[in-house]
Student: 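This is the structure I want to talk about, given as structure tokens.
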Amino acid sequence: MRLFLAVSLACGVCAAQPDRRIALTIDDLPMAQSGPEACEPENLMPATKRLLAQFAAEKAPLTAFVITSQCPGLTIKQKRAALNLWRSAGVELGNHTHSHKSLSRTPIAEYEEDILKADALLQDWTGKPVRFFRWPMLHAGATPADKQRLEAFLADHHFREAPVTFDNSDWIFANLFAYARRTANADLEKRVRDAYVPYMESVLAFFEQSSNELFGREIPQILLMHSNMLNADATGDLLAMLRKRGYRFISLEEALEDPAYAEPNEYVAANGISWLHRWKVTRGGKIEWEPDVPKWVQEAFEAMQKN
């Protein structure tokens with residue numbers, strides 16, 4: 001009887017655990033938020049290999065979005081070589097526009113041309129069609145007309161939209177991390193590195209709760225990261241944190257199969273936010289914002305910008 005009760009209690013605990021799945025995505029290839037020196041081949045190639053090795057160690061599917069004008073100092077041959085590192089690692093490459101323009105500040109026709117320019121270059125460089133598109137800064141339409149026109153344009157050109165539920169400010173940490181390295185400030189570099197994953201975990205916990213409130217369950221999350229020197233160093237710790245929280249790594253395509261991603265999204269604004277926020281607004285709710293970066297990180301970032 002005692003054995004039966006113990007097994008029953010254990011099974012009850014197991015059943016209560018959420019089915020946590022997450023699709024990992026990276027924006028701003030080949031490299032961003034790390035200073036122009038990060039785009040130099042002698043820095044870019046080793047950093048990209050370090051970054052990809054950490055995903056490979058976890059056997060984590062990955063979709064990565066390319067800004068085709070990024071790292072303008074690279075030759076076409078060098079850019080192809082950098083992107084081939086991603087492709088050789090089994091990463092699916094997506095369209096993040098040619099110039100990383102904001103739809104909120106760019107005429108829609110010009111924005112569409114920027115998407116098509118990136119598409120043509122990516123197909124030329126990789127020899128493969130591009131399936132996924134992601135909006136720079138997650139600006140998906142500041143007016144209903146622009147939002148609806150872009151959605152129709154993407155559908156007409158056979159792009160699948162790549163939303164984000166786990167939005168965050170890793171780019172602030174990355175810029176500060178790169179500045180600390182550039183100025184040989186080892187103490188600041190370590191503080192930024194140490195604060196990064198705990199911050200990301202606090203944001204993830206927030207969106208887990210948001211998912212439960214909206215759907216009564218934890219939907220497959222889609223994580224936004226960026227290709228930068230910080231993530232080249234810290235991704236292993238980030239993935240370990242996700243594993244510790246019980247996440248399984250899945251593809252973007254698998255995540256999008258969840259019915260939550262068919263939820264109506266009528267959010268229209270100039271800013272870019274998590275789709276969990278957009279769905280909540282569409283349902284008539286009020287946004288409660290995710291945790292900010294630590295105050296000292298924000299202050300150090302603002303001071304860096306003045307230098």
Side-chain angles (χ1 to χ4, degrees), residues 23-34 36 38-41 43-45 47-49 51-52 55-56 60-103 106-141 149-164 171 222-228 231-232 251-256 272:
L24 306 172
T25 67
I26 293 188
D27 285 5
D28 295 2
L29 272 63
M31 185 65 66
Q33 300 140 7
S34 303
C39 284
E40 296 170 2
N43 298 321
L44 172 63
M45 301 300 275
T48 302
K49 290 176 182 177
L51 178 59
L52 290 169
F55 289 100
L62 184 61
T63 305
F65 294 87
V66 182
I67 306 170
T68 50
S69 68
Q70 193 80 331
C71 295
L74 295 178
T75 66
I76 296 300
K77 183 178 179 179
Q78 289 169 332
K79 199 164 283 191
R80 279 183 174 141
L83 295 182
N84 278 337
L85 291 177
W86 295 83
R87 293 179 62 226
S88 297
V91 178
E92 179 162 6
L93 299 182
N95 186 323
H96 202 40
T97 75
H98 178 67
S99 307
H100 204 255
K101 296 177 180 178
S102 164
L103 179 57
T106 307
I108 184 69
E110 180 181 333
Y111 190 86
E112 291 169 349
E113 287 299 317
D114 210 51
I115 295 171
L116 294 178
K117 184 172 184 178
D119 185 55
L121 288 169
L122 283 171
Q123 293 203 46
D124 177 58
W125 295 345
T126 67
K128 287 194 171 185
V130 180
R131 294 197 301 161
F132 290 105
F133 171 80
R134 177 170 285 156
W135 318 256
M137 296 157 281
L138 302 183
H139 294 175
R149 173 168 165 170
L150 181 62
E151 288 171 349
F153 172 87
L154 294 172
D156 288 345
H157 289 83
H158 308 291
F159 287 112
R160 296 188 68 183
E161 300 177 37
V164 172
W171 56 275
I222 300 176
L223 166 65
L224 169 62
M225 302 169 61
H226 291 89
S227 180
N228 53 48
N231 280 323
S251 68
L252 175 59
E253 186 167 27
E254 181 179 343
L256 292 175

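Quantities reported herein were computed from a predicted structural model and do not represent experimental measurements.
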Student: Using the six-membered ring wherever Trp is involved, compare the ring planes of Phe133 and Trp135 and label them parallel, tilted or perpendicular (cut-offs 30° and 60°).
Tutor: perpendicular
Student: With the side chain counted from C-beta on, respond yes when Trp171 and Asp27 share a heavy-atom pair under 4.5 Å apart, and no when they do not.
Tutor: no
Student: Could you tell me which non-hydrogen atom of Leu103 sits nearest to which non-hydrogen atom of Gly141, and how far apart they are?
Tutor: CD2-N, 3.5 Å
Student: Roughly how far apart are Phe55 CZ and Asn231 CG, rounded to 0.5 Å?
Tutor: 7.0 Å
Student: For Gln78 and Thr75, indicate whether the former's side chain and the latter's backbone hold a donor-acceptor pair under 3.5 Å.
Tutor: yes
Student: Measure the shortest side-chain to side-chain distance between Leu121 and Val66 over non-hydrogen atoms and say whether it is less than 4.5 angstrom.
Tutor: no
Student: Go through it in stages, so that I can follow the logic: the residues are Ile26 and Val91, the test is side chain to side chain contact (heavy atoms under 4.5 Å, CB included), and I'd like the CA-CA distance, side-chain angles, deciding distance and then a yes or no.
Tutor: CA-CA 10 Å; Ile26 293 188; Val91 178; over 6 Å; no
Student: Rounded to the nearest 0.5 Å, how far apart are OG of Ser69 and NZ of Lys117?
Tutor: 8.0 Å
Student: Evaluate the criterion side chain to side chain contact (heavy atoms under 4.5 Å, CB included) for residue pair Phe65 and Leu224; output intermediate values, then yes/no.
Tutor: CA-CA 10 Å; Phe65 294 87; Leu224 169 62; over 6 Å; no
Student: For the residue pair Leu62 and Leu24, what are the closest heavy atoms and their distance?
Tutor: CD1-O, 3.4 Å
Student: Between the main-chain N or O of Ile115 and the side-chain N or O of Asn95, is there a donor-acceptor pair closer than 3.5 Å?
Tutor: yes
Student: Testing the basics here: between Ser227 and Pro30, what is the closest heavy-atom pair and its distance to 0.1 Å?
Tutor: OG-O, 2.8 Å
Student: When rounded to the nearest 0.5 angstrom, what is the spacing between CG in Leu252 and CG in Leu223?
Tutor: 11.5 Å
Student: To the nearest 0.5 Å, what is the distance between CZ (Phe159) and CG (Leu150)?
Tutor: 10.5 Å
Student: Please report the interatomic distance CD1(Ile108) to CD(Glu113), rounded to the nearest 0.5 Å.
Tutor: 11.0 Å
Student: Any side-chain heavy atom of Thr126 sitting closer than 4.5 Å to one from Arg87?
Tutor: yes
Student: Is any side-chain heavy atom of Gln70 less than 4.5 Å from a side-chain heavy atom of Leu29?
Tutor: no
Student: For the pair Arg80 and Asp124, find out whether any cationic side-chain nitrogen is under 4.0 Å from an anionic carboxylate oxygen.
Tutor: yes
Student: Does Thr63 reach the side chain of Ser251, with side-chain heavy atoms less than 4.5 Å apart?
Tutor: no
Student: Using distance alone, with no hydrogens and no angle criterion, decide if Asp28 and His96 have a side-chain donor and acceptor under 3.5 Å apart.
Tutor: yes
Student: Of all heavy-atom pairs between Ala81 and Met45, which one has the smallest distance, and what is that distance?
Tutor: O-CE, 3.7 Å
Student: Counting N and O atoms only, with roles assigned by atom type, does the side chain of Lys101 sit under 3.5 Å from a partner on the main chain of Pro136, one being a donor and the other an acceptor?
Tutor: no
Student: So Leu74 and Leu44, do their side chains get closer than 4.5 Å, heavy atoms only?
Tutor: yes
Student: Is it the case that the side chain of Lys128 and the backbone of Glu92 share a donor-acceptor pair, with hydrogens and angles ignored and the cut-off at 3.5 Å?
Tutor: no
Student: Check this for me, if you would: do Arg149 and Glu112 make a salt bridge, where the nitrogen-to-carboxylate-oxygen distance has to be below 4.0 angstrom?
Tutor: yes
Student: Is there a donor-acceptor contact under 3.5 Å from the side chain of Asn228 to the main chain of Ala32?
Tutor: no
Student: Quick one: are Trp125 and Leu93 in side-chain contact, heavy atoms under 4.5 Å?
Tutor: no
Student: Could you tell me the separation between the CG atom of Leu138 and the OG atom of Ser102, rounded to the nearest 0.5 Å?
Tutor: 10.5 Å
Student: Does a side chain donor of either Arg134 or Thr25 reach within less than 3.5 Å of an acceptor in the other side chain?
Tutor: yes
